[in-house]
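What follows is one structure encoded as structure tokens, with my remarks underneath.
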Amino acid sequence: MNKYDPKFIEKKWQDVWDNEQTFRTSTDYDKPKFYALVEFPYPSGEGLHVGHPRPYTALDVVSRKRRMEGYNVLFPMGWDAFGLPAENYAIQTKIHPSVVTERNVARFKEQLRSLGFSFDWSREVNTTDPSYFKWTQWIFLKLFEKGLAYKKEMPINWCPSCKVGLANEEVVNGGCERCGQEVESRIKNQWMLKITEYAERLINDLDTVDYIERVKIQQRNWIGRSEGAEITFAIKDTDEVLQVFTTRPDTLFGATYMVISPEHPVLEKLAHKLTNPEEIHAYQEQAKKKTEFERAELSQEKTGVQVQGLTAINPVNNKEITIWVSDYVLMSYGTGAIMAVPGHDERDWEFAKTYNLPIVEVVQGGDVTKEAYTQTETGIMVNSGFLNGMDVDTAKKEISAWLKEQGLGTPKVNYKLRDWVFSRQRYWGEPIPLIHCEKCGWVAVPEEQLPVRLPQVANYEPTDTGESPLAKIRNWVETTCPTCGGPAERETDTMPQWAGSSWYFLRYTDPHNDEALASQEALNYWLPVDWYNGGMEHTTLHLLYSRFWHKFLYDIGVAPTPEPYQKRTSHGMILGENNEKMSKSRGNVINPDVVVEEYGADTLRMYEMFIGDFEKSVPWSTDGVRGCRRFLDRVWKLQEIVQPGEEYSSELETQMHQTIKKVSTDYESLKFNTAIAALMTLLNEVNHLGKINKAEMRTFLVLLNPVAPHITEEMWEKLGFAGMLNEQKWPTWDEEKTVAQTVDIGVQINGRVRGEITVNLDDPAEVARAKALANENVLRAIEGKTIVKEIYVPGRIYNIVVK
RNA sequence: GCCGGGGUGGCGGAAUGGUAGACGCUACGGACUUAAAAUCCGUUGGGCUAAGCGCCCGUGAGGGUUCAAGUCCCUCUCCCGGCACCA
């Protein structure tokens with residue numbers, strides 16, 4: 001027998017799969033379907049990282065198993081190729097990002113191919129391909145049409161030295177990721193998408209999908225739904241009012257002052273009434289100057305200024321209360337104004353202490369002179385007029401009814417989720433397909449003119465003003481208005497990287513369609529995605545954004561299901577051998593090419609599945625890789641001991657059925673490590689016996705195939721088994737045969753194991769008892785004692801309680 | 001601070017309330033070899049031991065439920081991840 005030579009074998013089978021289009025998805029829509037999705041990568045210049053193959057192998061395993069179970073499987077791959085690294089590289093080298101992208105894609109593809117994934121490459125998509133982003137732009141126009149895209153003044157992160165608007169994730173500790181320069185906040189007019197309009201559905205529909213719990217929880221927290229009331233406070237001697245949002249309307253009697261955010265419009269409106277305008281303006285200026293970072297850093301110390309000249313009226317008792325301005329109240333949440341209840345809110349308590357404001361206890365149970373009492377379960381209302389004596393829940397209901405009756409307040413739900421800032425002042429992204437006309441305003445580029453392509457340029461540097469580099473390409477910017485034909489200008493902002501990835505799973509179903517983003521037939525058949533695995537870091541952005549777009553497409557009749565993904569799971573990160581995050585600067589990066597070169601793709605795949613709990617982070621171990629290679633070497637050698645036999649042998653029958661069951665169920669529940677352990681155990685047993693028959697060998701190869709497809713396919717062929725391995729049926733197990741008829745069980749005395757006996761599973765208790773009491777060690781342990789109780793769990797344990 | 005997840009050998013990790021440590025790695029011993037590597041066999045939680053079996057301790061800490069707890073309940077503690085003045 002020749003040596004196991006992965007380099008030769010892997011190349012051979014990859015070519016076979018390519019030439020025969022083995023894993024091409026069928027368009028036979030009558031077959032049961034299975035749509036497996038992994039997050040498509042950004043093709044960086046670094047090439048593939050050992051982190052990438054972990055989720056890919058996992059769903060490759062599931063996909064390969066599903067095919068053998070008779071499903072029509074869609075397991076596609078593509079490129080999320082718009083993005084900053086290619087653009088930054090272009091600025092440095094003047095090489096067009098599309099050239100760099102093409103190069104990187106080729107490399108990534110080659111690397112992925114070398115790992116033997118069963119992707120259907122005929123369905124490859126690329127977000128930077130005009131035939132793809134035509135539909136990204138089309139979706140945007142639909143959003144615009146339905147009023148879900150709007151333009152608004154918003155601050156962006158600006159690096160004054162690079163003259164570039166930065167994405168939030170490019171700001172590290174308040175500085176520019178590349179040059180370290182402190183980032184400024186600049187106000188820009190930006191396109192926004194109204195994701196908040198979908199907040200309620202994005203929360204509620206989580207109940208209809210099978211996501212791992214931590215993903216659901218993180219999404220719920222991010223959306224941050226809270227129920228409360230909006231209450232109107234009059235401002236004395238004016239027609240103006242202050243609206244506040246509160247989750248604790250029950251504490252209204254304890255509202256002893258109000259706080260508005262520095263950006264609150266009332267300061268402008270009633271500027272003439274202010275008696276300390278300089279002081280207020282100074283505070284507003286100070287707040288404006290603070291970057292987000294500083295605001296967070298200084299968050300402990302409460303600062304503020306009283307708004308003199310204005311007094312508010314507490315609607316429940318008509319008491320006059322002071323108004324303050326402070327940056328602990330955010331304009332972007334609720335109404336930008338709050339009623340301060342220092343007795344029962346920690347922030348208000350702190351502020352009241354700093355400025356010596358009155359604190360009134362309205363819920364009994366704590367000591368409001370020492371700290372805010374925020375417990376709501378047991379407290380009883382006091383100092384609250386008609387609410388006195390009620391518990392918090394009752395008081396909430398009563399006061400809400402009262403407010404409604406008086407026309408002073410309404411129940412209200414608020415979300416932490418903000419609208420999505422959709423503009424980027426960048427070159428390498430999808431152009432936003434809108435035209436601004438002096439006469440007609442913002443006008444959509446007509447559908448038949450899509451896609452709006454990026455102009456070829458020589459320079460990618462952004463402008464001093466923070467505008468997109470596109471703004472300088474005048475012959476691209478200047479156009480005519482589609483509505484009136486007059487002179488008009490194109491929008492120069494581009495879309496964020498999240499745009500293309502918000503719908504790519506739809507495109508895979510019908511990737512070459514020119515008439516629509518995908519045919520209704522394909523969408524109806526393939527959606528929802530049956531299983532989507534991706535990183536936890538995408539839970540609050542990509543996952544939420546794509547659910548939002550999908551729901552929108554559902555509303556306009558394009559997507560056939562309210563939710564895009566039926567099931568979502570997540571993998572843990574792979575760390576360096578020193579247990580730190582893998583990075584160039586830490587010098588602990590493992591290159592998958594090197595592992596493939598030295599040990600083979602099957603070894604890499606297997607190790608990535610065996611390395612540990614799939615859902616947890618785990619450090620790389622080169623020794624562990626070698627262990628997997630040793631296993632495959634031993635598998636290879638099984639060829640030498642294969643015996644005839646078309647039925648499982650009596651020695652192995654039970655274990656065969658156990659292993660089929662274990663492997664089949666573990667592959668389904670992300671427990672690849674224990675599935676592989678079961679195969680190792682089986683191999684050890686086979687080697688002890690020194691033989692394996694054909695029936696056993698076949699099953700073993702099929703079970704191992706999803707993890708190590710090349711070696712198993714090669715052995716299948718060498719052993720002369722019929723057909724190709726990937727065409728075989730997934731083996732089944734017989735539940736009855738998974739149970740050994742005789743087992744060794746422990747005998748416990750008072751819960752401690754004192755001996756071991758061998759029982760037949762169907763032994764009655766008396767027989768087990770006789771065996772237990774015949775055991776020398778057991779006898780010694782109960783000598784001189786009285787048996788009080790005996791418990792026999794068949795096949796598990798015999799426990800004797802003695803005194 | 002809030003919300004998740006988690007503490008099990010030297011390491012990665014297994015364990016429907018039923019013999020804790022499967023499987024792999026490491027280390028050690030042996031076989032093979034002129035030698036080494038590779039491979040194969042054995043040992044590998046700690047302690048005690050008369051070496052015969054055996055005994056004691058042990059899943060972050062403390063308590064509880066149970067014939068029986070890594071697993072269930074209570075209290076505490078530490079680590080990781082996310083959010084963070086969200087009214």
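Just so we're on the same page: letters track the sequence lines, and every chain starts at 1. This is a predicted model, so every value here is computed, not measured.
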Taking a pair to mean Watson-Crick or G-U wobble geometry with both distances below 3.5 Å, B/rG1 pairs with B/rC83

Can you see which heavy atom on A/K216 is nearest to which on A/V209, and at what distance?
-> NZ-O, 3.0 Å

Give a yes/no answer on whether the side chain of A/R630 brings an N or O atom under 4.0 Å of OP1 or OP2 in B/rU26.
-> yes

Where each residue is assigned the nucleotide of RNA chain B containing its nearest heavy atom, which of A/R780 and A/S332 is assigned the position nearer the 5′ end?
-> A/R780

Hey, does the Lys NZ or Arg CZ of A/K302 hover above the aromatic six-ring of A/F351, less than 6.0 Å from the centre and inside 45° of the axis?
-> no

Pairing partner of B/rC23 (Watson-Crick or G-U wobble, both distances under 3.5 Å) = B/rG12

Tell whether A/K416 reaches the base of B/rC83 with its side chain through a donor-acceptor pair below 3.5 angstrom.
-> no

Given RNA chain B, 5'-ward residue of the pair A/A337 and A/S617, judged by closest heavy atom = A/S617

Across every strand shown, the nucleotide meeting Watson-Crick or G-U wobble geometry with B/rA50 (both distances under 3.5 Å) is none

Report yes or no: do A/Y333 and A/S226 form a side-chain donor-acceptor pair below 3.5 Å?
-> yes

Watson-Crick or G-U wobble mate for B/rA36, both contacts under 3.5 Å | none

Flag for A/N760-A/T742: side-chain donor and acceptor within less than 3.5 Å | no

Using only side-chain N and O atoms of A/T540, determine if any of them is under 4.0 Å from OP1 or OP2 of B/rC83.
-> no

Would you say B/rC83 has OP1 or OP2 under 4.0 Å from some side-chain N or O of A/R220?
-> no

Across every strand shown, the nucleotide meeting Watson-Crick or G-U wobble geometry with B/rU59 (both distances under 3.5 Å) is none

Along nucleotides 14-23 of chain B, 5' to 3', which nucleotides get a B, which get an S, and which get a -, given that the test is a protein heavy-atom distance under 4.0 Å?
-> SSB-BB--BB

Rounded off to whole Å, could you give me the CG-to-C1' distance for the A/L330 and B/rC85 pair?
-> 7 Å

Hey, mind stepping through A/H264 and A/L242 against side-chain contact (heavy atoms from CB on, under 4.5 Å) and telling me if it holds?
-> CA-CA 10 Å; A/H264 200 284; A/L242 281 177; 3.7 Å; yes

Would you please classify the geometry between the A/H542 ring and the A/H538 ring as parallel, tilted or perpendicular, with 30° and 60° separating the classes?
-> perpendicular

Phosphate oxygens OP1/OP2 of B/rA38: is one of them under 4.0 Å from a side-chain N or O of A/R629?
-> no

OP1 or OP2 of B/rC57 sitting under 4.0 Å from any side-chain N/O of A/R752?
-> yes

